[in-house]
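Just follow the structure's listing: the first ligand is 1, and inside any ligand the first atom is 1. Quick note: numbers below take in every heavy atom, side chains included, and nothing from hydrogens, waters or symmetry partners.
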Amino acid sequence: MSDGRLVIGNRRYSSWSLRGWMAVRLAGLKVTVTTIPMTRVDGAGATPAIKAVAPAGLVPFLEHQGALVWESLAICEYCAELAPALWPADRAARGTLRSIATEMHGGFLPLRRAFPMNLGARASTAVRDARMSAEIAADLTRIAALWAQAIALTGGPFLNGAAPGAADAMYAPVVNRIHGWNLTLPPAASAYVEALLAHPAMREWQADADAEPAEWILPHYEAMISDEQLR
Ligand SMILES: N[C@@H](CCC(=O)N[C@@H](CS)C(=O)NCC(=O)O)C(=O)O
């Protein structure tokens, strides 16, 4: 029996949906997942069907046992109340991991704008290099430092420790972007990328993304990652 529903956008593109879904999946909530294909993925709230159901006009949106929860980080916190292991048990480590997760929620705009998540394509190094900037390099340096800090605190291989948690949910789309856009990171950060990509929850999301109907493809995002843009 289902305890509610999680509304998400296309798994191929919707990075915020992945964050909310990961938290729900890691916490083991029994909800029905409803996917609403988006008309764009820049958070503009342009999809009428999403506007019609979600309080802020955006996905992810969780309804669980009467609770209405939106904003991916709030969904992480809600899930962690039901499954406390989504944050480290140690108070000091938990405080730092929360900061690391929140820095993702509010930051890294240059990286997010230039390299949107697209689970159906891999960029050539030429396409990647054409979109690279000093600001994005700084974002990547900061992200690698945050991951190293988290893993030093929790023991890894995930940010949360032996199993992924809320902070990993918040960085899951970054991991997909790094893979899909062929971005280069120091070896320790690359090892984290590999570890999270291999996790069953990430594989499940990717498989479901691969199964989405062709009509849900958004040409704008496909053109961005294709070599066509260099011609
Ligand atoms: N701050 C929000 C961001 C949510 C957001 O921007 N979601 C995008 C999809 S990735 C969306 O709902 N877009 C719908 C649309 O543009 O119609 C969160 O953390 O959940």
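Note on ring orientation: taking the six-membered ring where Trp is involved, the planes of Phe115 and Trp181 are tilted (angle from 30° to 60°).
Both the backbone and the side chain of Glu71 come within contact range of ligand 1, each with a heavy atom under 4.0 Å. Using a 4.0 Å cut-off between heavy atoms, His105 contacts ligand 1 through its side chain alone, with no backbone atom that close.
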What side-chain donor-acceptor pairs closer than 3.5 Å can you find for residues 27-37, not counting sequence neighbours?
unit_1	atom_1	unit_2	atom_2	d
Thr32	OG1	Ser2	OG	3.1
Thr35	OG1	Arg11	NH1	3.2

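Applying the ring pair (Phe, Tyr, Trp, His ring centres under 6.0 Å) test to every pair with at least one member in residues 186-215, sequence neighbours left out, gives these pairs: Trp21-Trp205, Trp147-Tyr192, Phe158-His199.
Listed by atom number, the atoms of ligand 1 under 4.0 Å from Thr47 heavy atoms are 15 (C), 17 (O). Within the listing of ligand 1, atoms 9 (C), 10 (S) sit less than 4.0 angstrom from a heavy atom of Ser14. Residue-ligand proximity, Ala46 to ligand 1, at heavy-atom distances under 4.0 Å covers atoms 15 (C), 16 (O), 17 (O). The distance from ligand 1 to the heavy atoms of Ser72 drops below 4.0 Å at these ligand atoms: 18 (C), 19 (O), 20 (O).
A heavy-atom separation below 4.0 Å is found between Val59 and ligand 1. Within the structure, the closest approach of Pro60 to ligand 1 falls below 4.0 Å when heavy atoms are considered. The closest approach between Gly9 and ligand 1 stays at or above 4.0 Å for every heavy atom of the residue.
The distance criterion of under 3.5 Å between nitrogen or oxygen atoms is not met by Thr39 with respect to ligand 1.
For Asn176 (side chain) and Arg12 (main-chain N/O), no donor-acceptor pair under 3.5 Å exists by modelled atom type.
Open room surrounds CZ on Arg113; 12 or fewer heavy atoms of other groups in view lie less than 6.0 Å from it.
A donor atom on one side chain and an acceptor atom on the other are found under 3.5 Å apart for Glu222 and Tyr13.
Applying side chain to side chain contact (heavy atoms under 4.5 Å, CB included) to Phe61 and the options Val69, Leu68, Ile75, Leu6 leaves one that passes, Leu68.
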